[in-house]
> 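So that we are looking at the same thing, I have put the structure below in C-alpha cells.
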Number of protein chains: 2
Amino acid sequence: MNTQPTEISLKPLYQQVRERLLLRLIDGDWIAGDVIPSEIQLARELGVSQGTVRKALDEMVRDNILRRKQGRGTFVASSEDAEFVFQFFRLQPDTGDRVMPASVVISVRREKANASVAQLLEITRGTEIVKIERVRSLNDRPVIAETVILVRALFEGFPSAPEVPNNLYNLYAKRWGIRIGRADERLKAGGASPIEAERLGCAPNTPLLRVERVARDLSNRAVELRLSNCLTDGLHYTSG
Amino acid sequence: MNTQPTEISLKPLYQQVRERLLLRLIDGDWIAGDVIPSEIQLARELGVSQGTVRKALDEMVRDNILRRKQGRGTFVASSEDAEFVFQFFRLQPDTGDRVMPASVVISVRREKANASVAQLLEITRGTEIVKIERVRSLNDRPVIAETVILVRALFEGFPSAPEVPNNLYNLYAKRWGIRIGRADERLKAGGASPIEAERLGCAPNTPLLRVERVARDLSNRAVELRLSNCLTDGLHYTSG
DNA sequence: CAGTGGTCTAGACCACTAT
DNA sequence: TAGTGGTCTAGACCACTGC
C-alpha cells in the first residue's frame, strides 16, 4: 500500500503524527489527565497504521508528555502528578525520601529583561518580564532562595504575591495552557549573598548550589528562567 | 506461529533477547567498536523475528551500549568516543564548548572501605579498595580535585600513579573488560578544604560543586565511586 | 464481556554505505 | 549491486481494566 501522504514529506510519518498530536495538545483539545483516543482510533483518523501511531506515542511517553496505562488507555501527563513534579524538582534529603516543597512568595514584580535574561529566554533586551522571588522549604526548613522570570506577554494577568500557588507549572497549564515539556539546567556552586543568607537563615558566603533552568513549552519555546539557590547540607540534587 | 519459547517465560521475548546480547557483551564476544551481527542474522540465531531483535537493540541504543549507523550496521559503543566520554563528563565552559579534560594523578593507594564507601559500593566494610587521587584540568587550568575509589578485587594489578591514563573507563574496559553502563550522581555545594584549595589553586572555603558518582557495569554492579570537587567560575555542570 | 495497550510476527519498500 | 538499518503496514494473540 502507498505509505506516502499526498504531498512530498521530508519527515517520517510517525514524526508527522507526533507533531499533529502535539498541536492538539497545544490547542487544548486534550488537557492534563484526559484519556486520548485509542491507538486504533487515532490510526483511523490519521490514515496511518496502528504501528505508526504507536511509535509516535512511544516518543511522547518517553518525553513525559503522555502516560500509558495498560487496559485503560493513554493519558495526558498532569502537572499535578508526583512524577511530573519530581521530573523537575530534584532536590531531596540524603535519606532518599521524596518530599514535596512548600513555598513562600516574597515578591512579584514587573521588570524589563537585561541582556543575560534576554539571551536565555530568547527574547530581545528590554522585553517586559515578571520576576517572582520566593523561598522554598523542605520539612519546614527554608532551603531554596529562588527567582523565577517569565516573559510577561505569555502570562497576562499574573497574580500578585499572596495568590501565587506553590506549583507554578500547574498554574501555567491551567491558566494559560502552557505546558512545560523540557527544562535545561546548568549547575554551579557559589557563596550565599547577604540577601540569600537572610532568606535561608544561613551565614553569608555559605556555599550554595546554584541551578539555572530554562524551561520550554511543548513547542520548545523558552518561557521561564529559574534561578534556584540551594542549601545542600543534608540535601542533594539528583542528576540523570 | 507459536511465540512462546519452549520453557515458560516470565519476561517478554525482547527483554530476554536483550539479556542474551548483554551476556555476550559482558563475556567479551564483542568488544568496543565492533560491528555486531545484523538484525536479520540475530533474529535467525535466536529464533525470533527481526522486529523483536529490533526492539531489544532499540533499548540498548537508548542506554548508550550500542550505536546504529544506517547502511553500515550496529556497533558496540566505545569508551574512546567523544559521545561516551561526555555522557559522563558534564563539566563544561560557560561558552558551551566541549573540552576534553586532562588529568594529573597524585596518588594511587590501597585502603579498606569505611562504612560510607562500603554502603555506596554495596560491599562489606573493610573490603580492600583502590583509591586514586587526581586533579583534572580544562584548557590547562586545574578545576577538579577528584577521588576515585574502586573495589580492588575487580581491578587486579591496578597501575601505579605514573601509569594511570586519563580515560579511566577506557582502561577498565580494555584491561578488565568492565564496561560502565550507568552512573548515578548526587550534587552538593561545599567550601574547599585546605588540600582541595592547594590542588585547585584557589582560596580555602571557595564554594565547590561536589559530585558523588556511583558507576555501574553492564550487569548493574557498583564498581566505582567517584567524588569530584569542581571549581565553577566560568564553568558549569550540565544536567539532563 | 469488550476495549485498551503490550508483545510478536511477516513482509514490504526506502535511504544509506560499501564495493 | 548487495547488505544494512529506518520506516511502515497488517494482523495475531496476550494481559489488564472496567462494566
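Every chain is numbered from 1, with letters handed out A, B, ... down the list of sequences. Because the structure is predicted, anything quoted here is derived from the model rather than measured.
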> Thr147(B): which residues meet the side-chain hydrogen bond (donor to acceptor under 3.5 Å, both in side chains) condition with it, sequence neighbours left out?
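Applying side-chain hydrogen bond (donor to acceptor under 3.5 Å, both in side chains) to Thr147(B) gives Glu133(B).
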> Between Gly71(B) and Gln15(B), which has a closest nucleotide on DNA chain C that is more 5'?
Gln15(B)
> Is the phosphate of dT9(C), meaning OP1 or OP2, less than 4.0 Å from a side-chain N or O of Thr52(B)?
yes
> Establish, with yes or no, whether the OP1 or OP2 oxygen of dG5(C) is under 4.0 angstrom from a side-chain nitrogen or oxygen of Arg72(A).
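So the side chain of Arg72(A) is outside the cut-off, no N or O lying under 4.0 Å from OP1 or OP2 of dG5(C).
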> Taking only side-chain nitrogens and oxygens of Ser49(A), does any of them come within less than 4.0 Å of OP1 or OP2 of dC8(D)?
no
> Could you give the OH-to-P distance, from Tyr14(B) to dC8(C), as a whole number of Å?
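Going from Tyr14(B) (OH) to dC8(C) (P), I get 7 Å.
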> Measure from CD1 on Ile36(A) to C1' on dT4(C) and round the result to the nearest Å.
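Going from Ile36(A) (CD1) to dT4(C) (C1'), I get 12 Å.
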> Taking only the side-chain nitrogens and oxygens of Arg54(B), find out if one of them lies under 4.0 Å from OP1 or OP2 of dG6(D).
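Yes, Arg54(B) has a side-chain N/O under 4.0 Å of OP1/OP2 on dG6(D).
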> To the nearest Å, how far apart are Asp58(A) CG and dT7(D) C1'?
14 Å
> Please state how far atom CD1 in Ile40(B) lies from atom P in dT9(C), giving the value in whole angstrom units.
13 Å
> Among dT7(D), dT9(D), dA15(C), find the nucleotide with the atom closest to the side chain of Gln70(B).
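Between dT7(D), dT9(D), dA15(C), the one nearest the side chain of Gln70(B) would be dA15(C).
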> Under the criterion salt bridge (Lys or Arg N to Asp or Glu O under 4.0 Å), which of Arg179(B), Arg18(B), Arg216(B) is the partner of Asp63(B)?
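The passing option is Arg18(B).
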> Quick one: Gln50(B) CD to dC13(C) C1', roughly how many Å, whole number?
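The distance from CD of Gln50(B) to C1' of dC13(C) comes to 13 Å, rounded to the nearest Å.
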> When you look at Trp30(B) and Val35(B), which way does the side-chain contact (heavy atoms from CB on, under 4.5 Å) test go after all the steps?
CA-CA 8 Å; Trp30(B) 304 314; Val35(B) 198; over 6 Å; no
> To the nearest angstrom, how far is Glu59(B) atom CD from dT7(C) atom P?
9 Å
> With respect to the phosphate group of dC8(C), does any side-chain polar atom (N or O) of Lys55(B) fall under 4.0 Å of OP1 or OP2?
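Checking dC8(C) against Lys55(B), no side-chain N or O comes under 4.0 Å of OP1 or OP2.
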> Take atom CD of Glu39(B) and atom P of dC8(C), then tell me their distance rounded to the nearest Å.
16 Å
> Let me know the distance between CZ of Arg44(B) and P of dC8(C), rounded to the nearest Å.
20 Å
> Side-chain N or O of Arg68(A) versus OP1/OP2 of dG6(C): is the shortest distance under 4.0 Å?
yes
> So, does Ser38(B) get its side chain near the phosphate of dT4(D), meaning an N or O under 4.0 Å from OP1 or OP2?
yes
> Here's one to test your reading of the geometry: is the NZ or CZ of Arg67(B) within 45 degrees of the ring axis of Phe75(B) and under 6.0 Å from its centre?
no
> Nearest to the side chain of Val48(A), which nucleotide is it out of dG6(C), dC16(C), dT9(D)?
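Closest nucleotide to the Val48(A) side chain: dT9(D).
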> Would you mind checking if Glu39(B) and Arg68(B) are paired as a salt bridge, meaning a charged N to carboxylate O distance below 4.0 Å?
yes
